[in-house]
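Residue numbers begin at 1 in each chain, while the letters A, B, ... track the order of the sequences. These values consider heavy atoms only, across backbone and side chains, with no hydrogens, waters or symmetry-generated copies.
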Number of protein chains: 4
Amino acid sequence: MNEAQPLTRIQARNRAAILSGGLDAFSSAGFRGATLDQIAEAAGLSKPNLLYYFPSKDAIYTALLEGLLETWLDPLHALDADGDPVAEILAYAHRKLAMSRDFPRESRLFANEILAGAPQIGAVLSGPLRSLVDEKATVLRGWMEAGQIRASDPHHLIFSIWALTQHYADFDVQVRAVLGETDPFAGADRFIDQLFRSVLEPVQDRPL
Amino acid sequence: MNEAQPLTRIQARNRAAILSGGLDAFSSAGFRGATLDQIAEAAGLSKPNLLYYFPSKDAIYTALLEGLLETWLDPLHALDADGDPVAEILAYAHRKLAMSRDFPRESRLFANEILAGAPQIGAVLSGPLRSLVDEKATVLRGWMEAGQIRASDPHHLIFSIWALTQHYADFDVQVRAVLGETDPFAGADRFIDQLFRSVLEPVQDRPL
Amino acid sequence: MNEAQPLTRIQARNRAAILSGGLDAFSSAGFRGATLDQIAEAAGLSKPNLLYYFPSKDAIYTALLEGLLETWLDPLHALDADGDPVAEILAYAHRKLAMSRDFPRESRLFANEILAGAPQIGAVLSGPLRSLVDEKATVLRGWMEAGQIRASDPHHLIFSIWALTQHYADFDVQVRAVLGETDPFAGADRFIDQLFRSVLEPVQDRPL
Amino acid sequence: MNEAQPLTRIQARNRAAILSGGLDAFSSAGFRGATLDQIAEAAGLSKPNLLYYFPSKDAIYTALLEGLLETWLDPLHALDADGDPVAEILAYAHRKLAMSRDFPRESRLFANEILAGAPQIGAVLSGPLRSLVDEKATVLRGWMEAGQIRASDPHHLIFSIWALTQHYADFDVQVRAVLGETDPFAGADRFIDQLFRSVLEPVQDRPL
DNA sequence: CATGAATGAGCATTCATTCAT
DNA sequence: GATGAATGAATGCTCATTCAT
């Protein structure tokens with residue numbers, strides 16, 4: 001599996017199947033709780049064949065997390081210092097909520113990793129993630145000082161967007177148990193919009 | 001170990017040590033990922049001795065969850081329909097945040113159980129929890145219709161309090177990685193207060 | 001190990017070795033008393049490898065019993081209502097004794113299962129076995145009423161054949177301790193012949 | 001527990017309870033398969049207290065076997081060389097059958113020990129038991145040579161009495177499964193009487 | 001006499017990984 | 001590429017036995 005070689009079709013298909021099976025397993029049972037048997041069955045491969053594509057359980061997990069981190073931070077990267085402040089922030093929250101809706105397993109994989117103490121991505125958190133958050137917090141603070149959004153703690157503002165949006169993926173089982181069969185995301189979208197608009201929009205701008 | 005008998009001192013001490021060790025293990029690795037060896041070592045007991053107090057790994061987990069559920073819902077129970085609406089809701093959010101600060105392992109245990117699909121407490125979620133939430137949502141809706149707080153979806157309002165407060169326990173590692181050594185809870189408390197005050201207080205009441 | 005697939009040579013060899021080792025272990029120590037370690041060692045396999053062929057200790061035991069039951073009842077099935085009565089019964093007793101000589105471990109496995117209360121084959125005893133015995137008892141009664149053999153209780157007649165023949169396998173250790181090194185089966189064969197001839201042959205037919 | 005001291009009432013009661021519980025356990029599961037927990041629960045004692053009366057599992061088993069062996073051979077001892085031959089032998093068979101009816105657990109304990117290869121009483125079998133059997137076989141042979149009973153192999157004659165009578169205790173489950181609820185012993189008694197009378201009584205003495 | 005507490009050894013079974021083909 | 005076969009190291013749990021009181 002020389003990485004310089006392009007993957008054959010079978011290779012691509014099997015790698016994808018393994019990663020999908022691994023995502024299922026790791027996102028619900030955590031790294032230690034997931035088993036290669038589960039993953040192999042989900043991927044429709046024998047266990048030795050699975051280990052032909054990834055040398056170890058750890059390698060599957062790492063591949064998943066690495067593939068995830070990029071897309072996971074994309075929405076925040078996209079927050080544009082030159083855009084309309086309220087619109088930018090709300091758009092960011094909506095993008096994050098859409099990720100919870102469209103990629104709930106990825107969200108739960110991430111949650112599991114953090115709950116376990118971030119053994120694999122600890123360095124990313126205190127390195128690239130922290131830098132990115134600090135950079136965007138500076139943008140937010142600039143908007144606040146310019147009176148474009150009301151003043152609040154920019155870091156906690158970001159945390160609140162993470163918490164609120166990821167909750168609908170990570171606690172999906174609980175949300176659905178409480179709401180019944182209703183799809184939670186439409187209501188969540190409206191509520192989140194209302195919540196952040198309230199705290200962000202300067203008072204005099206608020207429509208009576 | 002007849003439960004009708006009062007526990008001896010040794011029993012009380014060892015049971016507590018086991019539950020604490022189990023809380024450590026289960027809250028970070030999940031049920032499947034935690035091992036009796038970890039728990040026994042954390043409790044300072046041999047593995048067979050641990051199983052002298054609890055008949056199985058499952059029994060420890062169940063004891064933890066049962067002990068947790070009661071206190072977990074207490075803050076919501078305490079939300080008083082006859083109190084001042086904004087003050088009641090904010091007090092609820094503060095109590096929840098205090099629980100994240102004082103009992104972070106319990107929060108992560110709960111998060112892990114939900115992430116795994118709530119195999120043990122699924123029935124509680126769609127039964128007692130749902131009833132409680134519906135009851136309190138009715139209270140909130142009453143306040144909204146009376147104009148005492150601004151209108152929004154009461155279920156999602158409750159979810160948002162859960163999400164925001166539990167985030168500081170469940171994603172503690174990430175929060176601290178981003179903030180550095182600063183204690184997150186003081187800032188979190190202020191931010192949450194500001195956020196919910198914004199969305200709850202009727203517009204005309206807001207000081208200019 | 002799809003059972004529809006023919007077994008490979010290795011599979012056939014190892015499954016046979018496991019069943020033989022299991023027969024040794026279960027027939028002398030009973031189900032609970034036998035250990036996978038014994039069986040694995042007798043089969044020349046590691047314990048996990050043994051469990052690669054049979055999913056559990058119970059599965060080995062069940063496979064043995066199922067394989068046994070068929071051949072166990074064959075001699076009785078072969079008792080022919082149209083044959084010569086005395087000859088048929090004596091032939092049946094000889095076949096049973098031959099089984100004790102040639103398959104003593106199987107006999108002891110069966111004895112152990114019965115002694116333990118027949119937890120696995122209880123249903124067979126009160127179902128198929130009872131039907132078969134009742135059917136052959138009816139044949140015997142017919143012969144008795146026709147005066148072809150002397151009258152006696154046909155069920156106890158069958159039990160006596162079981163008891164006498166299986167004794168030489170099940171109590172082999174005792175029989176040999178009492179008899180010394182002599183092979184017991186030649187004498188047993190003669191004695192059983194004489195015993196049943198005495199009780200079966202109509203009195204007037206008996207040579208003086 | 002100085003053996004020179006007489007047992008207190010409590011000691012006597014508890015020893016008896018342990019032996020009875022042990023008899024239940026060992027007779028159905030064998031030595032290895034039985035557990036001290038079973039025995040302790042059956043005896044209504046705690047496990048450490050049980051081990052106060054008997055120093056080990058092995059000690060209980062040995063005590064049972066030793067207590068058994070004496071009474072086990074009594075009926076054969078009682079076979080009287082000076083009595084009426086046929087009556088003596090039939091009386092022996094009846095006594096043995098009565099023991100199967102009245103002490104089936106003891107019979108099964110003995111059967112289990114033999115099936116396991118007689119690890120504890122092997123020496124008794126090839127020592128005292130063999131001597132006793134040889135002695136009684138000599139008596140039988142004397143009767144045969146005197147024409148008081150018909151000639152047959154005296155050892156196998158004794159084995160046949162053991163086999164037939166013990167079968168009703170050892171294979172009790174099977175016998176009852178085949179016969180239904182009927183009590184087997186009345187029929188067994190008649191059949192055994194008929195069987196041995198047939199093979200023992202000199203031909204000319206037989207009533208037409 | 002009796003029990004609560006504790007444990008080393010063992011047991012059935014699982015699991016990630018390796019090896020040969 | 002893929003699989004059958006195999007295993008060392010756990011893993012949850014049992015069991016006979018010991019110790020302290």
Side-chain angles (χ1 to χ4, degrees), chain A residues 1 8-11 13-14 31-40 44-60, chain B residues 1-2 5 7-11 13-14 31-40 44-60, chain C residues 1-2 5 7-11 13-14 32-40 44-60, chain D residues 1 8 10-11 13-14 31-40 44-60:
Chain A
M1 255 197 323
T8 67
R9 233 164 254 144
I10 287 181
Q11 282 176 332
R13 194 215 313 140
N14 283 344
F31 178 74
R32 297 247 11 238
T35 72
L36 284 186
D37 278 298
Q38 291 172 1
I39 301 173
L45 295 173
S46 69
K47 221 173 0 169
N49 198 18
L50 180 152
L51 289 165
Y52 169 78
Y53 288 97
F54 290 88
S56 68
K57 181 184 178 183
D58 209 273
I60 304 172
Chain B
M1 261 195 314
N2 189 330
Q5 303 293 332
L7 297 177
T8 67
R9 228 162 264 143
I10 290 181
Q11 280 177 334
R13 191 218 313 143
N14 284 344
F31 178 75
R32 297 243 15 236
T35 72
L36 286 185
D37 279 299
Q38 291 171 1
I39 301 174
L45 297 172
S46 70
K47 216 178 354 174
N49 198 20
L50 180 153
L51 289 163
Y52 170 75
Y53 290 97
F54 289 88
S56 68
K57 181 184 177 181
D58 207 273
I60 303 173
Chain C
M1 261 197 312
N2 190 331
Q5 302 293 333
L7 298 177
T8 67
R9 228 162 264 144
I10 290 181
Q11 281 176 334
R13 192 218 314 144
N14 284 344
R32 298 243 14 236
T35 73
L36 286 185
D37 278 298
Q38 291 172 2
I39 301 174
L45 297 172
S46 69
K47 216 176 357 171
N49 197 20
L50 180 153
L51 289 163
Y52 170 74
Y53 290 96
F54 289 87
S56 67
K57 180 184 178 182
D58 208 90
I60 303 173
Chain D
M1 253 197 325
T8 67
I10 289 181
Q11 282 176 330
R13 194 214 315 139
N14 283 344
F31 178 75
R32 295 246 12 237
T35 73
L36 285 185
D37 277 299
Q38 291 171 1
I39 301 174
L45 296 173
S46 69
K47 219 175 359 170
N49 198 18
L50 181 152
L51 289 165
Y52 168 78
Y53 289 97
F54 290 88
S56 69
K57 182 184 180 182
D58 209 273
I60 303 173

Quiz prompt | Partner residues of Lys47(C) under the salt bridge (Lys or Arg N to Asp or Glu O under 4.0 Å) criterion, sequence neighbours left out | solution =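 Partners of Lys47(C) under the salt bridge (Lys or Arg N to Asp or Glu O under 4.0 Å) test: Asp37(C).
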
Self-check item: pair Asn14(B)-Phe54(B): side-chain heavy atoms closer than 4.5 Å
Solution: no

Quiz item: If you look at every strand shown and take non-hydrogen atoms under 4.0 Å, does Ala59(D) touch a base, only sugar-phosphate, or nothing?
Solution: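 Contact class for Ala59(D): none.
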
Quiz item: NA contact type, Ala40(C), heavy-atom cut-off 4.0 Å: base, sugar-phosphate, or nothing?
Solution: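 Contact class for Ala40(C): none.
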
Quiz item: In which stems does DNA chain F show up, taking only runs of three or more Watson-Crick or G-U wobble pairs whose two distances fall under 3.5 Å?
Solution: E:2-21 with F:2-21

Would you give the length of the straight line joining atom [atom1] of [X] to atom [atom2] of [Y], rounded to the nearest 0.5 angstrom?
{"X": "Ile39(C)", "Y": "Ile60(C)", "atom1": "CD1", "atom2": "CD1", "answer": "4.5 Å"}
{"X": "Lys57(B)", "Y": "Leu51(B)", "atom1": "NZ", "atom2": "CG", "answer": "11.5 Å"}
{"X": "Leu36(D)", "Y": "Leu45(D)", "atom1": "CG", "atom2": "CG", "answer": "11.5 Å"}

Quiz item: Taking the nucleotide of DNA chain F with the closest heavy atom to each, which residue, Asp58(B) or Phe31(D), is nearer the 5' end?
Solution: Asp58(B)

Extract from the structure each pairing of a protein N or O with an N or O of nucleotides 6-10 of chain F at less than 3.5 Å, listing the distance.
unit_1: dA6(F); atom_1: OP2; unit_2: Asn14(C); atom_2: ND2; d: 2.9
unit_1: dA6(F); atom_1: OP2; unit_2: Asn49(C); atom_2: OD1; d: 3.4
unit_1: dA6(F); atom_1: OP2; unit_2: Asn49(C); atom_2: ND2; d: 3.0
unit_1: dA6(F); atom_1: OP2; unit_2: Tyr53(C); atom_2: OH; d: 2.5
unit_1: dA6(F); atom_1: O5'; unit_2: Asn49(C); atom_2: ND2; d: 2.9
unit_1: dT7(F); atom_1: OP2; unit_2: Ser46(C); atom_2: OG; d: 2.8

Quiz item: Hey, is the side chain of Gln11(C) poking within less than 4.0 Å of OP1 or OP2 on dG4(F), counting only N and O atoms?
Solution: no

Quiz prompt | Integer angstrom distance from the P of dT21(F) to that of dC1(E) | solution =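 Comparing P positions in dT21(F) and dC1(E) gives a spacing of 22 Å.
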
Separation of atom [atom1] in [X] from atom [atom2] in [N], rounded to whole Å:
{"X": "Leu51(A)", "N": "dG1(F)", "atom1": "CG", "atom2": "C1'", "answer": "14 Å"}
{"X": "Phe54(A)", "N": "dT17(E)", "atom1": "CZ", "atom2": "P", "answer": "13 Å"}
{"X": "Leu36(B)", "N": "dT11(F)", "atom1": "CG", "atom2": "P", "answer": "10 Å"}

Quiz item: Excluding sequence neighbours, so at least two apart, what forms side-chain hydrogen bond (donor to acceptor under 3.5 Å, both in side chains) with Asp58(C)?
Solution: Thr62(C)

